[in-house]
Amino acid sequence: MALPIQIVPSVLPCDFARLGAEIEALDAAGVDHFQWDVMDGQFVPNLTFGPDVIAAARKHTTKPFEAHLMVLTPDMLAARYVEAGCSRLIVHVEACPHLHRTLGNIASMGANAAVALNPHTPISEVEHVLDLVDMVLVMTVNPGFGGQSYIASMEPKIAELRALIERRGLADRVNIEVDGGIGPNTIEGAVAAGANVLIAGTALFRYSEGLEFAVSDLRAKALAARG
Ligand code: DX5
């Protein structure tokens, strides 16, 4: 049974002076859940949301929050983001020398554990932890900023991951998420390669027809690409 298509906004392009209203507008537009791009200025050259910001936004929607931890010290920060209201934490392979333990710790906090791969990182880095995650994020940009161009050469990597998940009999448990440059011209390639959770930031806000149309258009394109 294939896992469902999910259209998930990155909060990164939102107006941070009106974050509660922006979350409510995205919720009303029909997004499935929310992704917070947490950046520490060390793992990536940008700095974004602390747990208190996410906790303040929690009351503006009942939909799940996931934290994409683009940080050098995920073990030190993980509990704070679960306490802030995130039900999934995504850690980067590149920041986790003890990835198996880190993922197990996240699960012990009652959150879903997920793992992210930067564009240069091979699928082999996650083959021994697939049983510990409910999602693998294949970055389709180099992390740190929104509005970057989609790296289409990641599509064979997505397909390779899809094949590995299916070989392991985990296709009904492990999602494949893509993040970076996802929009009307790129979503079909990502889904055809095997992704089912699509992170969109900049593209959502570029639709002149508004957020609701944007979410439904991206969802329709993704469903069509799945066949
Ligand atoms: C990169 C960020 C972005 C953001 C979405 O570190 O993770 O990928 O979420 O970016 P765009 O604006 O390309 O959808």
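Just follow the structure's listing: the first ligand is 1, and inside any ligand the first atom is 1. Basis for what follows: all heavy atoms, side chains included, without hydrogens, waters or symmetry-related copies.
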Shortest non-hydrogen separation from [X] to [Y] and the atoms involved:
{"X": "I176", "Y": "G194", "value": "CD1-O, 3.7 Å"}
{"X": "L12", "Y": "M39", "value": "CD2-CE, 3.8 Å"}
{"X": "T202", "Y": "G147", "value": "OG1-N, 3.1 Å"}

Neighbour count >12 (heavy atoms, 6.0 Å) for atom CZ, R168: yes
E94 CD: over 12 foreign heavy atoms closer than 6.0 Å: yes
Region of D37 that comes within reach of ligand 1 [heavy atoms, distance under 4.0 Å]: side chain
Ligand 1-proximal atoms of S10, by part, heavy-atom distance under 4.0 Å: side chain
Residue [X] vicinity, atoms of ligand 1 by number, heavy atom under 4.0 Å:
{"X": "T202", "answer": "11 (P), 12 (O), 14 (O)"}
{"X": "M39", "answer": "6 (O)"}
{"X": "G147", "answer": "11 (P), 12 (O), 13 (O)"}
{"X": "P143", "answer": "1 (C), 6 (O)"}
{"X": "G180", "answer": "8 (O), 13 (O)"}

Do [X] and ligand 1 have an N or O pair less than 3.5 Å apart?
{"X": "G144", "result": "yes"}
{"X": "G201", "result": "yes"}
{"X": "N142", "result": "no"}
{"X": "G146", "result": "no"}
{"X": "G181", "result": "yes"}

Salt bridge flag under 4.0 Å for residues D75 and R101: no
Any donor-acceptor pair under 3.5 Å from R80 side chain to P51 backbone: no
Proximity of F16 and F49 rings by center, below 6.0 Å: yes
Stepwise side-chain hydrogen bond (donor to acceptor under 3.5 Å, both in side chains) check, T48 with D37: CA-CA 7 Å; T48 59; D37 287 299; over 6 Å; no
Closest candidate by heavy atom, reference atom 5 (C) of ligand 1, pool L198, L12, D179, V8: D179
